[in-house]
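Here's the structure, in structure tokens; my notes come after.
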2 protein chains.
Amino acid sequence: MAKKTATTAAAQRSGDDTAAQPSRRERRELRREAAVNAAFQLAEREGAAGLSMRRLGQELDVDATILYRLFRDKDELLLAVAERTIRMILDDIAEVPEEEPWQQTLRRIAESTWLVQTRYPAITSLTFARTTGGPAEQRLVELILTAFTRSGLAPDRAVLHYRTYVDTTLGLCAHAAALGSLDPEVREKDGTTWTRIYARLPETAYPVTRTYIDELSSVTPKAIYDTAVDAVLFAAERAAAQGGTCRPQA
Amino acid sequence: MAKKTATTAAAQRSGDDTAAQPSRRERRELRREAAVNAAFQLAEREGAAGLSMRRLGQELDVDATILYRLFRDKDELLLAVAERTIRMILDDIAEVPEEEPWQQTLRRIAESTWLVQTRYPAITSLTFARTTGGPAEQRLVELILTAFTRSGLAPDRAVLHYRTYVDTTLGLCAHAAALGSLDPEVREKDGTTWTRIYARLPETAYPVTRTYIDELSSVTPKAIYDTAVDAVLFAAERAAAQGGTCRPQA
DNA sequence: ACCTGAACACCGTTCAAGT
DNA sequence: ACCTGAACACCGTTCAAGT
């Protein structure tokens with residue numbers, strides 16, 4: 001009882017005067033934010049494998065076990081990190097004008113997602129396969145889903161294409177990020193495979209691979225991503241035109 | 001010199017009499033195969049995180065350090081495991097008849113890939129982002145690339161769509177496998193997000209998500225995969241029809 | 001009430017010591 | 001020539017002991 005009163009008093013104090021000391025809950029949230037920030041720095045500096053609870057503790061100059069009072073376990077920390085990446089995407093796409101064509105909205109979102117992937121590959125490889133259920137994710141889901149409903153697709157089809165769009169973009173971003181954040185040596189092994197292995201294949205057994213070796217080495221992950229996004233959006237367009245429900249395309 | 005002669009003699013012996021003792025190289029290969037087999041069993045029984053060098057040693061009833069004479073490190077073991085999954089895919093698609101439409105070939109390959117993913121989710125989540133450069137991968141690359149050239153696409157476009165097809169299918173399979181092989185508790189947390197979180201969203205702020213909640217919970221990973229494969233193949237078809245090079249579509 | 005750090009049960013990998 | 005197991009430098013996580 002006494003404690004509860006104290007907490008409430010603190011909350012009121014900070015409510016009345018925004019410059020006053022933050023409440024316990026606010027202070028906890030600030031420390032969580034600081035930990036998430038440090039996780040970004042640490043992971044991008046040392047690679048995905050370098051993000052350990054112990055090293056994150058060092059980064060923050062606190063005992064590693066303190067992190068376990070901010071996050072239940074490492075997984076919860078990663079979900080908080082994932083939420084932050086989604087908030088970055090939301091900030092980047094900013095407003096969605098009423099009159100913006102739905103395809104353009106989705107293209108812009110795909111672009112922002114890719115941007116975050118290129119900026120934080122290590123973090124992306126750790127988090128892009130996860131569902132956070134947090135407020136940022138909820139907002140982004142609502143945004144993307146709204147765009148798909150504007151296509152005129154029936155609910156079940158709209159949802160199917162929404163999920164295809166999301167899983168494809170996230171899958172490709174995670175894949176690109178995984179390559180972009182491998183240990184340098186392993187990455188070398190993986191990235192130069194085309195020239196190292198495939199350029200030396202016997203022409204008799206592998207005529208097509210040999211013939212296209214130059215093209216194979218020069219395709220960029222971004223070109224692949226754009227092609228996939230185009231394909232997925234066009235499939236939705238086509239389905240909307242065929243299954244034409246409310247707004248055929250007038 | 002003496003050693004070399006002995007090895008050659010052993011190879012000849014095994015060449016002459018297939019039932020005789022295998023050569024040192026053959027025995028090494030057999031032990032590598034046994035290790036890969038055990039890795040499949042262990043990973044699918046205990047989950048991706050359960051596949052450690054120590055436990056793999058236990059599984060094989062040998063000291064863990066022996067694995068380091070069969071594989072340079074754990075990464076090389078995983079690449080050998082990845083090669084095996086590709087060989088499974090190759091076995092599953094069997095022959096590609098001369099007259100089979102290229103789209104159907106690629107659909108069959110996508111189907112086999114999915115099959116392997118469902119059978120070995122833990123292994124898939126560990127390996128499907130990797131490039132092995134091994135013989136099985138080389139054969140599969142040649143197979144897929146050949147199918148894309150049969151579409152009539154110009155080399156650079158054929159390669160772009162080939163890569164889009166491969167990265168999209170692998171990305172979605174890896175994503176599905178990651179969900180399918182999470183620790184049961186984490187998986188629960190991730191898998192039931194739709195019903196746990198999104199069903200309780202306030203309708204005012206998230207009207208679309210709330211409206212589509214039933215559809216959202218009932219989309220299957222396989223339906224998403226099929227939709228994505230269709231989209232990617234149709235994009236290639238369309239590009240082939242437009243950029244019509246050698247064989248427009250006669 | 002909060003923090004600390006020792007401790008537990010694991011990793012991947014190496015290498016001197018055995019046979 | 002081959003195998004063994006101790007050892008190193010790490011993990012995530014827990015909990016008794018301190019302040």
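These figures come from a predicted structure and were not determined experimentally.
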Minimum-distance nucleotide to A/D63 side chain [options: D/dT4, C/dC3, C/dT4]: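 Selected nucleotide (nearest to the side chain): C/dT4.
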Interatomic distance where [atom1] belongs to [X] and [atom2] belongs to [N] [whole Å]:
X: B/R69; N: C/dT14; atom1: CZ; atom2: P; answer: 13 Å
X: A/D73; N: C/dA9; atom1: CG; atom2: P; answer: 20 Å
X: B/Y68; N: C/dA16; atom1: OH; atom2: P; answer: 17 Å
X: A/K74; N: D/dC10; atom1: NZ; atom2: P; answer: 15 Å
X: B/F71; N: C/dT14; atom1: CZ; atom2: P; answer: 15 Å
X: B/I66; N: D/dC3; atom1: CD1; atom2: C1'; answer: 6 Å
X: A/L78; N: D/dC11; atom1: CG; atom2: C1'; answer: 14 Å
X: A/M53; N: C/dG5; atom1: CE; atom2: C1'; answer: 16 Å

Starting from the C-alpha separation in whole Å, work towards a yes-or-no answer on salt bridge (Lys or Arg N to Asp or Glu O under 4.0 Å) for B/D92 and B/R108. CA-CA 9 Å; B/D92 196 54; B/R108 280 178 49 218; over 6 Å; no
Between C/dA7 and D/dC11, how far is it from one C1' atom to the other, in whole Å?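 Roughly 14 Å separates the two C1' atoms.
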Under 3.5 Å for both donor-acceptor distances, Watson-Crick or wobble: does C/dC3 have a partner, and if so which one?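 Partner of C/dC3: none.
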State the pairing partner of C/dC11; accept Watson-Crick or G-U wobble contacts with both distances under 3.5 Å, and report none otherwise.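 Its partner: none found.
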Does A/P202 reach the side chain of A/R210, with side-chain heavy atoms less than 4.5 Å apart?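 A/P202 vs A/R210: side chains apart.
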Taking for each residue the nucleotide of DNA chain C bearing the nearest heavy atom, is the 5' side occupied by A/V62 or by A/R54?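 Per heavy-atom nearest nucleotide, the more 5' residue is A/V62.
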Decide yes or no on salt bridge (Lys or Arg N to Asp or Glu O under 4.0 Å) for A/E59 and A/R45, but give the supporting numbers first. CA-CA 11 Å; A/E59 193 86 357; A/R45 197 179 64 234; 3.0 Å; yes
Please determine, by modelled atom types, if A/Y198 and B/E142 share a side-chain donor-acceptor pair under 3.5 angstrom.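 No - no donor-acceptor pair under 3.5 Å links their side chains.
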Side-chain donor-acceptor pair present, B/Q117, B/T124, cut-off under 3.5 Å: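 Judged by distance alone, the side chains do not pair up.
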Taking 4.0 Å as the cut-off, does a side-chain nitrogen or oxygen of B/T65 come that near to OP1 or OP2 on D/dT4?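 No, B/T65 has no side-chain N/O under 4.0 Å of OP1/OP2 on D/dT4.
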